[in-house]
Structures are given as C-alpha cells and as structure tokens.
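Before any comments, here is the structure.
Computed from a predicted structure; not experimentally measured.
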Amino acid sequence: MVPTDVVAALSVLNGHARAFGCGRDAIYQYKGLVARIYAAAGQANARPVGVMAKCNYCLGTGKFFCQYNGQTDDPCRKCARSGYVFLRFTETTIEGHSWHHPWISEGSEIYRRSVGASAIEYDPATRSIWVTKSDQQPENIGFGFVGDWQPNSKGEGTVGERAAELLNTVEDWLFATRPDGFDLRWDIERAQRAATGYSLRLGWIGDHCHYCGEPNIRIGQGHYVRPFEWTVRCCEVHSKMEVGTWDKRVPPAALTPAVLKWAERRSWSADKPGAAP
C-alpha cells in the first residue's frame, strides 16, 4: 500500500490544488492513482455522494448563455432552466483522509474497483446507480449526503520550499512504485508523465529591490523560466526596465535543498543557464 506520510502530504496538496496552486493537474492525477490502489485492495472505503449546486453554465439563471450574443431566453442546456445541477462524486476515506473524486472523470471507476463491480449504470430519473457484480442481480444504490464538504471549497496554496517538500514526498514514492498487475500500469505511467509537466512557484523572493537594494518595495517583477515561476521586488525606477534587460536567473535564496531536489527530477541544476551564480 501507500506510505502514510505520502497520503498525508497528498491530502495537504489536495487543498493546495483547490487554491489553484502549482502542479494542480498532476496532484489530481496522484490523488486518483492512490485512490485506485486502495480501491483495488478493497480499502478505499468508497461511497457515492451527491450535492445540488448552482449551475456554472448559466450562473444559476436557468437561461442559456451564448458566447457570441450573451444571455438568451432559451433554457440552459446544462440545468434545463432550473439553475441547479446534481453533482456526483465518489468519496474515499484513506488512512483517515477524506477525498472527493468527480464521478464522470474518475469517481465511477474508483467506486467500481472498490466494490468489485463488473458494471455501473447511472439512472438520471432517480439519481441513483445500478451496480452489477458477477453472477448477481443489479443492486440500486443512491448517492449519499456529502456532509460539511462542498465542491470548489476554498483551499490553501503554498509555494517554494514547503511546496517542494510536499511534492517530493509524493513523487519520490510515485517514481519508486511499480504496478501490481496490469490494471494500474497506465494509471502509474500517466501520473509519472504529469509529474514533469508543471512548474514550481517560488513566490516572492527578497525584501528589497532585486537590482539596487532599496528597501520597503511593493512592486513585483514576475518571471517564468521553466521549471520555475517567481517574483522579485523592484523599485519604481527598475520597474520600468526593458524586458530584455531583466535578470532572468533564479535567485540563489530560492534554491533551497527541497527546491533543488525537485528540480533535479526535471534535469535542472544550479550550474545550468537560468541559474544565478
């Protein structure tokens, strides 16, 4: 199974992803993989849950919004004029951490593996599912109550050293793990590919102007040089520099041990172009 420190780190990263932190898509891949591993072992404690939520397509108006003509009087194609939609998830409880997986994209598959079903069919009329197991009659199961959790609930993001520490914990396990059977092979490879497809946000670096050292600076100069994103402070004079004269080297203060370890997996090192001397 998955080490408890990996599950704990992933649970923190789940909140980081909800805050649209760096590596969001990769983190959701990691979370889905761990849930599938526990589901295959029958230890995911999975259950289908659902909640009514305001329709994002029409913003609750019930009217179809045309990208060319704006709001119309036609019924919304997503909620059929009700202004609300029924969102479905699979809730898993793994090592004491509760996660929610969108039903359509991965939740139904996680639940199917968890209960050992051969097929699952959604019945929109009753908002329930028919679960079929081998040599058994289909069983009708409803979507349970989600409790205090809500979709798109606010998360807490992190940057730099802390983000790198959490991501390293999960990715060290990810790249050391081997598929136990054919079913998980593609899930593991997909998660490993996602690991190298994002940049690490280092946040604001330094308290003074990066170029002249003037203190008490609030103006920021953002940089994106893969695999990093960061912002340095600069005074009013240096904020007007031509882009071509910006210092695009990663400040040494940002290259902590955890950040360097994270970068090494991306074949980046401090002695390559883009790193400050």
As an exercise, state the distance from [atom1] of [X] to [atom2] of [Y], rounded to the nearest 0.5 Å.
{"X": "E165", "Y": "T158", "atom1": "CD", "atom2": "OG1", "answer": "8.5 Å"}
{"X": "E109", "Y": "I120", "atom1": "CD", "atom2": "CD1", "answer": "8.0 Å"}
{"X": "T92", "Y": "Y38", "atom1": "OG1", "atom2": "OH", "answer": "10.5 Å"}
{"X": "N45", "Y": "S98", "atom1": "CG", "atom2": "OG", "answer": "9.0 Å"}
{"X": "S11", "Y": "E95", "atom1": "OG", "atom2": "CD", "answer": "11.5 Å"}
{"X": "T196", "Y": "E171", "atom1": "OG1", "atom2": "CD", "answer": "9.0 Å"}

Closest heavy-atom contact between [X] and [Y]?
{"X": "I37", "Y": "M1", "value": "O-CE, 4.4 Å"}
{"X": "E229", "Y": "S199", "value": "OE2-CB, 3.6 Å"}
{"X": "S128", "Y": "N140", "value": "OG-ND2, 2.9 Å"}
{"X": "A253", "Y": "I205", "value": "CB-CG2, 4.4 Å"}
{"X": "C55", "Y": "K78", "value": "SG-CB, 3.9 Å"}
{"X": "Y111", "Y": "R47", "value": "CE1-CA, 4.0 Å"}

With the side chain counted from C-beta on, respond yes when [X] and [Y] share a heavy-atom pair under 4.5 Å apart, and no when they do not.
{"X": "C58", "Y": "F65", "value": "no"}
{"X": "P3", "Y": "D5", "value": "yes"}
{"X": "H223", "Y": "R249", "value": "no"}
{"X": "K63", "Y": "Y57", "value": "no"}
{"X": "F86", "Y": "F143", "value": "yes"}
{"X": "R190", "Y": "Q29", "value": "yes"}
{"X": "W246", "Y": "Q221", "value": "yes"}
{"X": "P257", "Y": "L260", "value": "no"}

Under a 3.5 Å distance rule, please check whether [X] uses its side chain to pair with a backbone N or O of [Y] as donor and acceptor.
{"X": "S239", "Y": "E236", "answer": "yes"}
{"X": "R233", "Y": "G206", "answer": "yes"}
{"X": "H16", "Y": "C22", "answer": "yes"}
{"X": "Q192", "Y": "L174", "answer": "yes"}
{"X": "T132", "Y": "S118", "answer": "no"}
{"X": "T90", "Y": "G107", "answer": "yes"}
{"X": "D74", "Y": "F64", "answer": "no"}
{"X": "N14", "Y": "L10", "answer": "no"}

Does a sphere of radius 6.0 Å around [atom1] in [X] hold more than 12 heavy atoms from other residues, nucleotides or ligands, not counting ones at 6.0 Å or beyond?
{"X": "I219", "atom1": "CD1", "answer": "yes"}
{"X": "Y84", "atom1": "OH", "answer": "no"}
{"X": "N216", "atom1": "CG", "answer": "no"}
{"X": "R226", "atom1": "CZ", "answer": "yes"}

Please determine whether residues [X] and [Y] belong to a single hydrophobic cluster, defined as Ile, Leu, Val, Met, Phe, Trp and Tyr linked transitively by side-chain heavy-atom distances below 4.5 Å.
{"X": "V49", "Y": "V131", "value": "no"}
{"X": "I129", "Y": "V146", "value": "no"}
{"X": "L13", "Y": "F175", "value": "yes"}
{"X": "V159", "Y": "L200", "value": "no"}
{"X": "I94", "Y": "W173", "value": "yes"}

Would you call [X] and [Y] a salt bridge, using N to O less than 4.0 angstrom?
{"X": "R265", "Y": "D172", "answer": "yes"}
{"X": "R88", "Y": "D123", "answer": "no"}
{"X": "E264", "Y": "K261", "answer": "no"}

What do you reckon, are the aromatic ring centroids of [X] and [Y] less than 6.0 Å apart?
{"X": "W103", "Y": "Y122", "answer": "no"}
{"X": "F228", "Y": "W262", "answer": "yes"}
{"X": "Y224", "Y": "W230", "answer": "no"}
{"X": "W99", "Y": "Y30", "answer": "no"}

- [ ] State, without any angle test, whether Y198 and R266 hold a side-chain donor-acceptor pair at a distance under 3.5 Å.
- [x]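 Looking only at side-chain atoms, R266 and Y198 do form a donor-acceptor pair, the distance falling under 3.5 Å.
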- [ ] Would you please test Y28 and R18 for side chain to side chain donor-acceptor pair (under 3.5 Å) and show each step?
- [x] CA-CA 10 Å; Y28 286 147; R18 291 201 310 274; over 6 Å; no
TODO: Before giving the answer on side-chain contact (heavy atoms from CB on, under 4.5 Å), spell out for M52 and V85 the whole-Å C-alpha distance, their side-chain angles and the decisive distance to 0.1 Å.
DONE: CA-CA 6 Å; M52 295 297 297; V85 291; over 6 Å; no
Task: Step-by-step salt bridge (charged side-chain N to carboxylate O under 4.0 Å, His left out) determination, D187 to R113 - done: CA-CA 13 Å; D187 297 320; R113 294 189 187 193; 3.4 Å; yes
Open item on the list: H101 and side chain to side chain donor-acceptor pair (under 3.5 Å): which single residue from K31, E106, E91 fits?
Closed with: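 Exactly one pass, corresponding to E106.
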